[in-house]
2 protein chains.
Amino acid sequence: MASSIHDLARHLNISIGTVSRALNGRADVNADTRKRVLEAARTLNYSPNQSGRSLRQGATHSIAFMLQPHPGDQQYGEPFFIPFLIGLQARLAESGLDLIVVMGAPGDYQQERLRRVVETRRADAVLLAWTRREDERIDYLTQAGFPFATLGRSRSGAESYPSLDLDFEKAGADAVDRLVARGHRRIAAVRPSLDLNFGYLFLAGYRKALRRHGIEVDPELIASGFINEAGGYEVTPQVMRSKDPPTAIIFNNDAMALGGCKALAEMGIRPGHDMAVTVIVDTPLCRYFSPALTAFRPALEPMGQRLAEMLLASIPAFAGPEGPRIIREVWPLELVARDSD
Amino acid sequence: MASSIHDLARHLNISIGTVSRALNGRADVNADTRKRVLEAARTLNYSPNQSGRSLRQGATHSIAFMLQPHPGDQQYGEPFFIPFLIGLQARLAESGLDLIVVMGAPGDYQQERLRRVVETRRADAVLLAWTRREDERIDYLTQAGFPFATLGRSRSGAESYPSLDLDFEKAGADAVDRLVARGHRRIAAVRPSLDLNFGYLFLAGYRKALRRHGIEVDPELIASGFINEAGGYEVTPQVMRSKDPPTAIIFNNDAMALGGCKALAEMGIRPGHDMAVTVIVDTPLCRYFSPALTAFRPALEPMGQRLAEMLLASIPAFAGPEGPRIIREVWPLELVARDSD
DNA sequence: TGTGTTCTCGTAAACGTTTACGGAAAAACG
DNA sequence: CGTTTTTCCGTAAACGTTTACGAGAACACA
């Protein structure tokens, strides 16, 4: 059924060593022989068995992407990851790498699955998303000496790994700037309760910008909840109970924003009329919601491509001739003004 | 760094054969030895190298999911697949299988990528989505004798493979029934232009139900376009040009519905007031659109789980003691009544 | 005690590659 | 022509497993 390199060698009456060298583009093989080998490979429909290569080379030619669910989140950051995956996979495929997607039950934080991937050498490197402020996965991987990169920053691991993140701090500040310019002074912030790093960055930018405008940061206007619709629905009323309620709310997540808008609607408050609403990470949902939500949009597909590149550049086996490099980048979020503010 | 079975054997002063047998739960190993081996494996942090197992066993312990993009579709059926993937991966993980996600550039129909997966024996089986009426991928896989299952039916391959599909025919009919019951007689249908099988099924149900109600099927009320927002936006006006325009439109896809609603809005037609709108496959977008779109909802996560089960049941190596079975199922879509009809 | 059976384990081959090594032939050079 | 270099290829080991086979020991039974 499956033709092996032996079949090919027998068919050509040469040794398997030569066949392998010809196929792998090594220099020490006659040009004519190489041509014959390549041709025979095509007609015999031969392609090398991956398991064989992996075993011999000690490389699996695949990358594991750990899709990290949260407690209380049933959606896995739903619309966010698909375009990212598209870019990621496209770039990996260029280098002949496959993408293994690993998910887990919400709440286990995937340490177990991660260990399994690493210990069974199932992938040559892993990609982490939803980085936390202190991230034990990063500690584990650095300590194990396993190649990895992250989508998002963290305080763990001494920045000795490639990472690509969005500039949530600037987005938070930009959101405040825009609202202030439109006359708002009482601006609330709704963010995830977990120690997700982007939540901290967002809040830092929010605070900094308020201070820059001479506006006092009011703890009553800051709420945190589960990073999903229910979370937004639950905590948004908190900021409305302030004696001096906000005239604008910045949500750190699309799902929380949708839940928040539902809560607002039940209080008779209409986003875009009675309340300015801004969302930090744009998704299709923001666009189709009514009113369409002003949001900050990431370039997800290019991000996927770029992170794949960065990961590859950090691995000696895949890096170019100039050797492996650790690249860390922070990408901007682009304002998409719509009807909600 | 990585401990192999040899290290374990040396440490225990027994042969690697015994270690392997102990680890794999074979019968011919002393209970005491087995205990010692398992304990040592734990302390030495040993887990078997996947490439080694794969090579020896001729099985990769992974399943490839071919995410099929369409020409003109940049979204890869975006929100649809994430919950499906969650269920799929969860079930596969239970059996120790990894999930490889393969995407491709839109338009190439992925034959090339599929061949690569099959020929390099990168996965033990593949999973196809977006099945077409006549699907060359199915023909290729059956002819190659490669295990696979499909999300969706097809006319190809003589039904000799497991498949899980949604009952688009019944959904199409139910949608018509509901609209007729609400007094509509001029009901339009907007469907994808490609030979996607679910488009045929939907249209068949639509036609059948109309006839059952004694309503003539008017070709002017049926339009097809690219299965994305732009496609819906482009072709929806066609059905409005009829001398006797529709009072209701059934969209076969959420993205097309959104595009269609945009076109309607530009004509001053408000879904839910001047026009009843129904969508066959519900997504979060339908829920948050304004007006919220009445839609038929699939149970995506259970579907993922079930299809994984069905695929495993069809593979001798993974099937239970009663041997491999080909299972084909059709699941219902559940009506979610909202504000658009 | 002799024979047959059962338990348990070691030996070694095999899976399909890649690659270090060495050697024969050809080419280059004096 | 003799020597050195280059070109090309075959040999065989290695990667880490699993497993067929056989053998020794222990046991059961007559």
Side-chain angles (χ1 to χ4, degrees), chain A residues 1-38 40-41 44-62 96 116 118-124 317-318, chain B residues 1-38 40-41 44-62 96 116 118-124 317-318:
Chain A
M1 174 88 250
S3 65
S4 82
I5 203 174
H6 290 95
D7 304 327
L8 208 53
R10 205 174 315 122
H11 179 257
L12 290 166
N13 250 334
I14 58 180
S15 79
I16 60 166
T18 305
V19 174
S20 176
R21 279 189 297 264
L23 254 29
N24 291 357
R26 289 212 124 57
D28 57 346
V29 46
N30 185 286
D32 180 58
T33 328
R34 184 190 309 280
K35 207 170 65 180
R36 281 174 53 226
V37 170
L38 291 177
L44 285 200
N45 214 328
Y46 166 80
S47 41
N49 179 299
Q50 279 300 325
S51 304
R53 312 191 68 201
S54 297
L55 178 57
R56 171 62 219 231
Q57 300 185 320
T60 64
H61 304 281
S62 56
R116 212 178 71 83
V118 170
E119 286 171 7
T120 62
R121 254 134 285 132
R122 195 62 196 251
D124 296 338
F318 296 109
Chain B
M1 172 89 251
S3 65
S4 83
I5 203 173
H6 288 95
D7 304 327
L8 208 53
R10 206 175 314 122
H11 178 257
L12 290 167
N13 250 333
I14 58 180
S15 79
I16 61 166
T18 306
V19 174
S20 177
R21 279 190 297 264
L23 254 29
N24 291 358
R26 288 211 126 55
D28 57 347
V29 45
N30 185 285
D32 181 59
T33 338
R34 185 192 308 280
K35 207 169 65 181
R36 282 174 52 227
V37 169
L38 290 177
L44 285 199
N45 213 329
Y46 168 80
S47 42
N49 179 299
Q50 279 301 326
S51 305
R53 312 192 69 200
S54 297
L55 178 56
R56 171 62 219 231
Q57 300 186 319
T60 64
H61 304 278
S62 57
R116 212 178 70 85
V118 170
E119 287 172 7
T120 62
R121 256 132 283 132
R122 194 62 194 251
D124 296 338
F318 296 108

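Order of the sequence lines fixes the chain letters, A, B, ..., with proteins taken first and strands second; residue numbering starts at 1 for each chain.
Taking atom CZ of residue B:R34 and atom P of nucleotide C:dC7, one finds them 13 Å apart after rounding to whole Å. If you measure from atom CD1 of A:I5 to atom C1' of C:dT18, you get 8 Å, rounded to the nearest angstrom. Straight-line distance from the CG atom of B:N49 to the P atom of D:dG16: 7 Å, rounded to whole Å. Taking atom CD on A:Q50 and atom C1' on D:dC15, their separation rounds to 15 Å, with Å as the unit. Atoms CG (B:D7) and C1' (D:dG16) sit 11 Å apart, rounded to a whole Å. Atom CD in A:Q57 sits roughly 16 Å away from atom P in C:dG16 (whole-Å rounding). Rounded to whole Å, the distance from NZ on B:K35 to C1' on C:dT8 is 17 Å. Rounded to whole Å, the distance from NE2 on B:H6 to C1' on D:dT18 is 12 Å.
Here the straight-line distance linking atom CD of A:E119 with atom CG of B:N45 works out to 4.5 Å at 0.5 Å rounding. To the nearest 0.5 Å, atoms CZ (B:R121) and OG (B:S54) are separated by 12.5 Å. The CZ atom of A:R10 sits 12.0 Å away from atom CD1 of A:I5, with the distance rounded to the nearest 0.5 Å.
Contacts of B:I16 with the nucleic acid, taken as non-hydrogen atoms under 4.0 Å apart, include base atoms.
Using a distance-only test at 3.5 Å, with no hydrogens or angles considered, a donor-acceptor pair links the side chain of B:N30 to the main chain of B:D32. Judged purely by atom type and a 3.5 angstrom limit, B:N49 uses its side chain to pair as donor or acceptor with the backbone of B:S51. Listed for the A:R122 side chain is no donor-acceptor partner under 3.5 Å among the backbone atoms of A:T60.
Closest approach of A:A40 to A:H11, counting heavy atoms only: CB-ND1, 4.2 Å. Contact detail for B:R34 and B:G25: the closest heavy-atom pair is NH1-CA, 3.3 Å. For A:P48 against A:R53, the heavy-atom pair with the smallest separation is CB-CD, 3.9 Å.
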Could you list all N or O pairs between the protein and nucleotides 4-8 of chain D that sit under 3.5 Å apart?
from, atom 1, to, atom 2, distance (Å)
D:dC8, OP1, A:N30, ND2, 3.3

Sort me out a list of protein N/O and nucleotides 23-26 of chain D N/O pairs below 3.5 Å, or just none if empty.
none

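In the set D:dT18, C:dG10, D:dT17, C:dG10 carries the atom at the smallest distance from any side-chain atom of B:I14.
Paired with A:L12 under the rule side-chain contact (heavy atoms from CB on, under 4.5 Å), one option of A:D7, A:T18, A:V37 passes, and it is A:V37.
DNA chain C is contacted by A:G17, A:S20, A:R21, A:N24 of residues 17-25 of chain A, taking any non-hydrogen atom closer than 4.0 Å.
Between B:R121 and B:S15, it is B:S15 whose nearest contact on DNA chain C lies nearer the 5' terminus.
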Verdict with supporting geometry, B:L38 and B:L23, side chain to side chain contact (heavy atoms under 4.5 Å, CB included)
CA-CA 7 Å; B:L38 290 177; B:L23 254 29; 3.8 Å; yes
Before giving the answer on side chain to side chain contact (heavy atoms under 4.5 Å, CB included), spell out for B:L8 and B:S3 the whole-Å C-alpha distance, their side-chain angles and the decisive distance to 0.1 Å.
CA-CA 7 Å; B:L8 208 53; B:S3 65; over 6 Å; no
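Partners of B:S20 under the side-chain hydrogen bond (donor to acceptor under 3.5 Å, both in side chains) rule, at least two apart in sequence or in another chain, do not exist in this structure. Contacts of A:R116 classified as side-chain hydrogen bond (donor to acceptor under 3.5 Å, both in side chains), with partners at least two apart in sequence or in another chain: B:D98.
Taking side-chain N and O atoms only, A:R56 has no distance below 4.0 Å to OP1 or OP2 of D:dA14.
The bend of the helix from C:dT1-D:dA30 to C:dG30-D:dC1, defined by the angle between the axes of its first five and last five pairs, stands at 40° to the nearest 10°.
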